[in-house]
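This report concerns only the one structure given below.
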Amino acid sequence: MLKIKDLTQYLDKVVPATYMESYDNVGLLVGSPTAELTGVMVSLDMTEAVIEEAVAEGCNLIVAHHPIIFKGLKRLTGSNYVERTVMLALEKGVRLYAAHTNLDNQHTGVNRVIADRLGLESPTILAPKSQTLQKLITYIPQEATDSVMEAIHQEGAGQIGNYSHCSFRVVGQGAFQAEEGAQPTVGAVGNLEKVTEDRVEVMFPMHLQGKVVAALKKAHPYEEVAYYIHSTENVNQEIGAGMIGTLPEAMEGTAFLDYLKERMDLTALRHTPMPQQPIKKVAVCGGAGSFLIKAARRAGADAYVTADVKYHEFFDAEDQMMIADIGHYESEVYTKELLKNIIRENFPNIAVRLSKVVTNPLRYY
Ligand SMILES: [Zn+2]
């Protein structure tokens with residue numbers, strides 16, 4: 001029988017907490033992971049209504065985009081909606097799991113969903129993150145290099161864009177002396193050994209470090225493996241905030257707004273004046289995306305589609321592009337389907353239900 005943790009550990013791997021923003025709170029937030037999983041409900045928010053819905057549908061796990069515990073809880077007395085939601089979840093035995101900015105920052109995440117709905121071609125990350133790529137340097141006796149490298153590549157190291165098995169090697173001489181208690185693969189205790197070895201360098205994304213090092217140690221023939229891991233300043237094109245791509249055909253401003261409303265199922269939106277030029281290049285960021293206005297402008301976007309933009313922030317469009325604020329809920333509601341697909345990919349037989357509760361606290365009049 002499937003346990004809650006089978007699913008949550010899988011999600012931890014696919015949407016690693018390593019890539020969340022520093023202020024965020026992701027992963028399993030409420031409840032023990034050891035119980036049997038009865039069903040999963042996917043929602044945008046965790047609210048009391050969603051928990052009641054999950055119970056009614058026989059689901060004891062809610063996977064949501066927004067974490068209900070965000071700032072830190074000092075008491076559980078039911079005095080506000082956060083405390084009441086957590087208390088109800090505990091009372092009903094419903095576990096709460098969040099995939100938030102760690103999902104936003106994936107190139108297959110929330111922003112990709114918006115980009116795809118708008119039909120953007122060749123979407124790329126608008127603000128790729130640095131310091132998420134690492135370099136492994138290790139030394140391998142020559143006859144074992146290929147097999148050790150294969151084991152490391154199997155764990156995802158050495159992937160650069162559409163190229164796999166990327167590494168660099170140079171031949172040199174390794175030296176070591178086995179001391180008492182050692183069981184050297186090469187040479188004998190007390191002898192200074194000199195062995196022809198390959199020095200190998202390979203890059204990997206930081207969330208794979210544990211697996212890559214484990215694979216190295218398992219495949220390497222030596223009792224003690226010499227290796228170094230360096231953090232790099234390199235930009236990771238696959239991790240970061242927002243996305244930018246191009247519409248199949250340029251559109252006039254009003255036509256673009258109509259298209260946006262239709263594709264994102266909007267009743268209303270707020271926008272800055274239309275730019276002079278037709279709209280072709282479009283940047284997107286689901287949720288609160290003001291922090292990327294300048295990046296969108298610098299990247300040459302004709303329009304930037306996001307939410308939660310404040311009055312003064314709209315001025316940052318500088319008449320060079322149009323900012324369209326489509327609403328936080330509206331920009332992220334399709335995240336439910338994204339989460340459902342992620343779960344279904346590995347657990348095709350599990351019952352995954354999309355919450356029907358409209359958690360949007362806003363109404364338009
Ligand atoms: Zn959000």
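Residue indices begin at 1 and follow the sequence shown. Fair warning: this is a prediction, and the values are worked out from it, not measured in the lab. Order of listing sets the numbers, starting from 1, for every ligand and every atom in it.
Residue-level check: among N/O/S atoms of E332, OE1 sits closest to the Zn ion (ligand 1).
Within the 2.8 Å limit, H66 places at least one N, O or S atom next to the Zn ion (ligand 1). Using a cut-off of 2.8 Å, one finds that H100 contributes no N/O/S atom close to the Zn ion (ligand 1). The distance from the Zn ion (ligand 1) to the nearest N/O/S atom of D104 is not under 2.8 Å.
The environment of N346 atom CG is dense: over 12 non-hydrogen atoms of other residues, nucleotides or ligands sit within 6.0 angstrom.
Considering only residues two or more places apart in sequence or on other chains, V82 meets the side chain to side chain contact (heavy atoms under 4.5 Å, CB included) condition with I68, L73, N80. Checked against salt bridge (Lys or Arg N to Asp or Glu O under 4.0 Å), R263 has no partners two or more places apart in sequence or in another chain.
Ring geometry for Y259 against F256 counts as tilted: the plane angle lies between 30° and 60°, on a 0 to 90° scale.
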